[in-house]
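The structure appears right after this line, and notes come after that.
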Amino acid sequence: MKKALKILFKVIGIAFGVLFTIYMLNLDMKLVGFIYTWLNKFHDKKDSLRDIQF
């Protein structure tokens, strides 16, 4: 039982460390910015005549 608790606390500690690093370095918004830029480039290449279809 003690071994399971030690492993659980290590996993929680590692998860907290990873989430704290992501928060402090603002990595989530950097990823969103990268995806947003990539999507803009992708949609700018599309043919504008086929953009809206009803």
Side-chain angles (χ1 to χ4, degrees):
M1 184 67 178
K2 282 188 174 186
K3 190 172 186 174
L5 283 176
K6 284 176 109 174
I7 292 172
L8 180 65
F9 284 136
K10 283 184 182 181
V11 169
I12 290 173
I14 291 171
F16 181 76
V18 168
L19 290 174
F20 184 75
T21 303
I22 289 171
Y23 173 73
M24 289 305 291
L25 296 177
N26 203 20
L27 296 177
D28 54 341
M29 291 310 295
K30 289 179 183 177
L31 177 64
V32 169
F34 172 76
I35 292 172
Y36 185 76
T37 304
W38 181 78
L39 284 174
N40 276 338
K41 287 180 186 175
F42 175 75
H43 286 288
D44 285 345
K45 290 179 185 176
K46 285 179 64 176
D47 185 19
S48 62
L49 297 177
R50 297 184 325 155
D51 231 1
I52 301 174
Q53 296 177 353
F54 295 102

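- Shown here are the ring-ring contact (aromatic ring centres under 6.0 Å, His included) partners of Phe20, two or more places apart in sequence or in another chain: there are none.
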Exercise answer: donor-acceptor pairs, residues 21-32 side-chain atoms, under 3.5 Å, sequence neighbours excluded:
| from | atom 1 | to | atom 2 | distance (Å) |
| --- | --- | --- | --- | --- |
| Thr21 | OG1 | Gly17 | O | 2.8 |
| Lys30 | NZ | Leu25 | O | 3.4 |

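- Considering NE2 of His43 and CH2 of Trp38, their distance stands at 8.0 Å, rounded to 0.5 Å.
- Of the inter-residue distances, the one linking Phe9 atom CZ with Ile14 atom CD1 reads 14.0 Å to the nearest 0.5 angstrom.
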